[in-house]
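Only one structure is covered here, and it is reproduced in the block below.
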Amino acid sequence: MLKLRRARWISMLALCLPLLLAGCWDRMEINDIAFVMASSNDIAENGELLSATKIAVPSGLGSGRNMGQTSGVNQSFIIESASGRDINDLIQKLQGKLPRRLNISHRRVLYIGEKLAKRGIAPILDHYSRNPTSRHIEYILVTKGRESIHFLKSNNPLERIPGEEVRELERLNTGAVYSLRDYLIEDNSAGRTPVMGVVEMSGSKGREEIMLGGSAMFKKDKLIGYLSHDETKVMLLLTNRIKYFRINSNVPKERGNVAMQLIKGKCKIKPIVKRDDVKFLVEVQIIGEVLENNTKLDLSEPPDLEKVQEALRNEIQKKVQKAVANIQKKYRADVFGFGESIFYKEPKVWKRLEPRWEGIFARAEVTVKTQLTIRNAGMNGKPFHLKEKGGK
Amino acid sequence: MNMVKISNYQLFSLIVLFQVGTTIIFGFASSAGRDAWIAVLVSMIIGMAEIILFLWLMRQHPGLTLVDWFIVRFGKWIGTPIAWLFPVLFLYSTGRTLRDLGEVMEPILLPNTPPLVTLGVMLAVICYVTYHGIETLARVSETLLIIVLGAFCIEVVLLLSSPNLVSFRYLQPILSEGWGRIWKTVWPTGITQSYAQTIEFAMIWSLVNHPEKVPKTTIYATLIATAVILIADILAISVFSEYLFTRSTFPLYSVLGEVKVGDFLENLNPLGVIYLSTMTFFKTSLHFWVSIRAIGQLTKMKNEHKLIFPLAFLVLLLSLTMASSLTEHVHIGSKVLTIYFWAPIYLGLPCLLLFVIWIQKLRKRESM
């Protein structure tokens, strides 16, 4: 009898246990959340921060079929903006406009307007790096020429999910796209000027598209200038970040030109320091494939391939030298991490050079050595036009 | 309770889990910057010496536990008060480890749930396992070790296979800031945190099946635990660079958020939650069991189960009130507790014991 009563008690207690499982203060259902896909940061007219967020509308993301006929009613995203003294102030105002709770842990892209970038980004970066739900792997981009809020509005018809286009552009590796983590690390490493990716608007009104355009350099959290497309490529090559690079060149003594695409690019920076005289040896190694050949050279013949290789090699060499010299003289910005290479090798020497680094960097002698290997020459040996003419 | 026996593998898993503990979330020696991994190695070398000392003391007192050592060597009147220091400190450690859980739960996982609930629920589970005793806890640890090490292997593989994530050049230049900041993390935090705390096993060693294998098992377990901490630290530095590594509150938790493999494997933070809950559950339970056993032995209590509920209540109160913020909690841990409590009690007293034993041996030899 006693046993039975005890068993009854235990089973009663056990029945109460599920109550503990179901109840949860932090329950967050998916239909209570507004997923932020991208955010923009600008300066408002009164000097405050102006920030906008692009929020996914789940019903608009539905099946692909009815996407074609959508016209505003069934949009896949909405944009909400607010201005405030700091980001938290902003978020509070934004939240007031929304029936769902903002969730930023799936944000892909963070845009920073040109004007704000010039004024300084330190105040907003602290929020983005401190907030535990914000992640370091989101991309951070400067919007060149226009307020960043315009970039939120663009929606590339190829991509269904808002904000996805920049991520996809990054995946194609056509330009420089840096994550928040990359920026924070570069900004705080010795002997390196941090850079950020840049987006521009291209096309005419009504049919505008986002385009990756070069990169932006920062000094003391302020935007100091942009690198051109070519300079950005060289910067990526020298920092071992290059993925996509097409180069064409004239071949001397031949008419026409050849073009190649990079398969793999590597670079080593070797500092040579003698007192205050700093020299750098930059060793670039490239493996590529020929994509276009308008000359009469037959790439299946080793001597001809040699000529093409030589021409392309010189072209790359010239590009690298030109870009490095330009960045040294014009911006005095060590985007390549030359200083860092000294720091890694000889930290004590670096300590001595660090205060005067900008000047030393600008004067430093840089020797570029390029090695280029063409691994394959596309699907054809001889160019097509050769065959036609050689047919006699 | 003397019938309880645990196997050597169980001891191994107990020690590994205990030593890795919450370090797998909080990171080790992050104030040493990019040289933190050197600090791990230095701490291990010194920590190993400490553990060998504990093992030697165990050999001198076969079958006896930590609290008995002092009573045997110093006599009842001096030895008993000294021995009481240990359960009190272990009980405080119980509360502290539980608080560690709260400190991560609150800002990151469950911001709206009151800590009383998260910690209370966890403590209920801990009471349950403590009620069943060390044998059950040891069996649980066998399984948990596999889960934790498995999760850790997944983490390492995914971190290494994320493109543009891990770059070992951030470890360079080695020792550029000198040994100063390494010593600061080694003493007192480094050598007390994982290694000196192993003294709690002096309460457990006497229960192992094959006492002659205990030293070997303990030393292997220490090596494995150090390897896990070392790998975790090196990865975190290579992902974050010195700047973000030293700045981050939970570097080894944050590192999980950086994983990005292919287009679908992102945000591994659930792994972090697995570490956190298993490690805090395990470590708190062990602290708790050890303190209850020590108190039971000191009071010669027959049924130690009676102690569980009052002490659990005490632990809960302690963990909720011991610090008002994470900053204070960490400050106490690294600046107050280690120097003024752990170092003198976990290291000083065993050294004193060693000294006393030597003198007693010398005297014996003279009198012979």
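In the text below, chain A, chain B and the rest are named by the order of the sequence lines, each starting its count at 1.
Here the OG-CG distance, from B/S167 to A/N240, works out to 10.5 Å after rounding to the nearest 0.5 Å.
For A/Q92, the CD atom sits in a loose shell: 12 or fewer heavy atoms of surrounding residues, nucleotides or ligands are nearer than 6.0 Å. For A/K219, the NZ atom counts as densely surrounded, since its 6.0 Å shell holds more than 12 non-hydrogen atoms of other residues, nucleotides or ligands. Sparse packing is recorded around CZ of A/R101, with 12 or fewer heavy atoms of other residues, nucleotides or ligands lying under 6.0 Å away.
Here the shortest heavy-atom pairing between A/Y344 and B/Q172 reads CE2-O, 3.5 Å.
Inter-residue side-chain proximity for A/F343 and B/P173 is flagged as met; some heavy-atom pair is nearer than 4.5 Å.
Here A/R352 pairs with A/D276 under the salt bridge (Lys or Arg N to Asp or Glu O under 4.0 Å) rule; sequence neighbours left out.
A/R181 places a side-chain N or O within 3.5 Å of a backbone atom of B/V239 that can act as its donor or acceptor partner.
No part of A/K345 comes within reach of chain B, as not one of its non-hydrogen atoms sits under 4.5 angstrom from that chain. With a threshold of 4.5 angstrom between heavy atoms, A/E340 approaches chain B through side-chain atoms but not through N, CA, C or O. The parts of B/L165 that come within reach of chain A are both its backbone and its side chain, each placing non-hydrogen atoms under 4.5 angstrom from that chain. Interface remark: B/F240 contributes backbone and side-chain atoms alike to the contact with chain A (heavy atom separation under 4.5 Å). Heavy-atom distances place the side chain of B/R247, and not its backbone, under 4.5 Å from chain A.
Using a 4.5 Å heavy-atom cut-off against chain B, no residue of residues 261-271 of chain A qualifies as contacting.
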